[in-house]
Number of protein chains: 2
Amino acid sequence: MFEKVQLCPVMRGVPLNELEILFKSMHFNIHQYDTNQMVIESGADCNSLMILIEGEVRGEMPDQAGKTVKIEDIAAPRPIAPAFLFGQNNKCPVNVIANIPTRVLFIPRNEFLKLLQQNTTILTNYLNIISSRSQFLSGKIKFLSFKTLREKIAQYIYELSGENLKTIFTGKSQEELAEFFGVARPSLSRTLKEMENEGILKTERKYITILDREKLSRLIS
Amino acid sequence: MFEKVQLCPVMRGVPLNELEILFKSMHFNIHQYDTNQMVIESGADCNSLMILIEGEVRGEMPDQAGKTVKIEDIAAPRPIAPAFLFGQNNKCPVNVIANIPTRVLFIPRNEFLKLLQQNTTILTNYLNIISSRSQFLSGKIKFLSFKTLREKIAQYIYELSGENLKTIFTGKSQEELAEFFGVARPSLSRTLKEMENEGILKTERKYITILDREKLSRLIS
DNA sequence: GTTTTTTTGTAACATATGTTACAATTTCGT
DNA sequence: ACGAAATTGTAACATATGTTACAAAAAAAC
């Protein structure tokens, strides 16, 4: 078991023998779940750090009408909802359901706090995980705050290209890019063509080439 | 000085005498800044936890054209950019500039790590701060992901009203609400009136009354 | 190499929101 | 109580994006 725990981002870098010692003096539980069994329900309190050590779960968001929308799949080994263990709101925002037979390690909040104080590696790991998440979300919001599609495209290219790269590889089809931008596919196609006609860029399947950096920047400023 | 440090969310709840002991065995700096002096420049490394202990600073985002947009004012006592001390990206995302004569306490990352391990209160405070921030950002993104204005309005009312409250107080004028939603003021006014004509809700200055919860939910689902 | 599937381009039209301008109403300051 | 300032309602029109449908092109499967 410790081999798998050790692979989890939270515990990464802690030698196996140290890990065993830490776990010996700590309360924790391991639960098993069958396919489609609920691991934690939306709205339930997150009192423990949950680490998926084996299997795969999905997060589903129940909407007002009671229907559900799948948010993401999480495969072992990874923590589940680490940002909801602390903070003002400890309610789990999604239903977490096992996709396949799954094992989850539960470490109660207080026990985990002790762990954080005993072991610098785990502390920095955890701080890095939730800080990175914040940073990721900040970036996402900055991106969403661009109103027009042209601005979003410009910003997207700017971030991928850095200061001097001329051609970027998106790794996404127009369909996927459109979904990423939150617009309809024909709208993206149209706008890309417009920008091409204006000599700003050129597209070629999953590659975009910048033709006029000056004009591109003006779209963002 | 410790009285002011103690008021900061990170140090809140730590008795004065303990605080003094902790600081005695720790490296830290205090810098003073005059009005309009730069505290930290966008892109600089955040190697230290920065705590504003006196004064007020503003965050300004420099855009591609070199112009700046003010993001927010931060008044003492509060940490500055706590989410960028750890994580993958330690570059400060904004220029931080003193609005008035200001004093900032710098605690190097490693020293702060020690502090976190020595003192449970500070550890939980810090975890709560950055976790809450994540949660806030998550909520913001969920909100931004609603496409139409009607959906945003419905979601907004839903969150403020809870399960059974009929009338909510927004505390914002239409102008401010429109900015919060990221739409033009006349658009908000128009849409609110449409929803009023459909018998969904009723507005009265800064109050919104739900007339038909059923219809309101259908907008979100 | 042909067929099938996926991806992209494009057009016509529908809809939502922005922009501007002004009138009506309410609140605030005195 | 009065006038000034802020807030809200509303209309006409501009623009951006969505929707649907289909054709063209490229990639993948066979």
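So you know, we letter chains A, B, ... as the sequences are listed, proteins then strands, and number each from 1. In this text the structure is predicted, and so the values were computed from the model without any measurement.
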Discussion item. Taking the nucleotide of DNA chain D with the nearest heavy atom to each, does A:R190 or A:E204 sit closer to the 5' end?
Written reply: A:R190

Worksheet item: Which is true for A:S173 with a 4.0 Å heavy-atom rule: it touches a base, it touches only sugar-phosphate, or it touches nothing?
Response: sugar-phosphate

Discussion item. So for atom CZ, which belongs to A:F2, do other residues, nucleotides or ligands contribute more than 12 heavy atoms lying within a distance under 6.0 Å?
Written reply: yes

Worksheet item: Nearest-Å distance, CG (B:L192) to P (D:dT8)?
Response: 10 Å

Discussion item. Rounded to the nearest 0.5 Å, what separates atom CZ in A:R185 from atom OG in A:S187?
Written reply: 9.5 Å

Worksheet item: Taking OP1 and OP2 of D:dA16, is either one under 4.0 Å from a side-chain nitrogen or oxygen of A:T148?
Response: no

Fill in: C:dT8 OP1/OP2 closer than 4.0 Å to side-chain N/O of A:S189
no

Worksheet item: Taking atom types as they are modelled, is there a donor-acceptor pair under 3.5 Å from the base of D:dG18 to the side chain of A:R185?
Response: no

Discussion item. Checking contacts here: which listed nucleotide (C:dT7, C:dG9, D:dT17) is nearest the side-chain heavy atoms of A:Q174?
Written reply: C:dG9

Worksheet item: B:R205 side chain: which of D:dA27, D:dT7, D:dA21 is closest?
Response: D:dT7

Response to the item:
Whole-Å distance, B:F146 CZ to C:dA16 P, equals 17 Å

Worksheet item: Can you tell me how far C1' of C:dT15 sits from CG of B:L149, to the nearest Å?
Response: 14 Å

Fill in: Rounded distance in Å - NZ (A:K172) to C1' (C:dT7)
16 Å

Worksheet item: Do A:Y156 and A:F146 have their ring centres less than 6.0 Å from each other?
Response: no

Worksheet item: CG of B:L188 versus C1' of D:dG9: gap in Å, rounded?
Response: 12 Å

Worksheet item: Out of D:dT17, C:dG18, D:dG9, which has the shortest distance to the side chain of B:V183?
Response: C:dG18

Discussion item. Expressed as a whole number of angstroms, how long is the span from A:K193:NZ to D:dA24:C1'?
Written reply: 12 Å

Worksheet item: So is B:R205 actually on top of B:F169's ring, under 6.0 Å and inside 45° of the axis?
Response: no

Item to complete: Could you state the atom-to-atom distance from CD of A:E175 to C1' of D:dA27 in whole Å?
Response: 16 Å

Discussion item. A quick test of your reading: do over 12 heavy atoms of other residues, nucleotides or ligands sit less than 6.0 Å from OH of B:Y207?
Written reply: no

Worksheet item: Considering only D:dT20, D:dT17, C:dG18, which nucleotide approaches the side chain of A:P186 most closely?
Response: D:dT20

Worksheet item: For the pair made of CD in B:E194 and P in D:dT8, what is the distance, rounded to whole Å?
Response: 18 Å

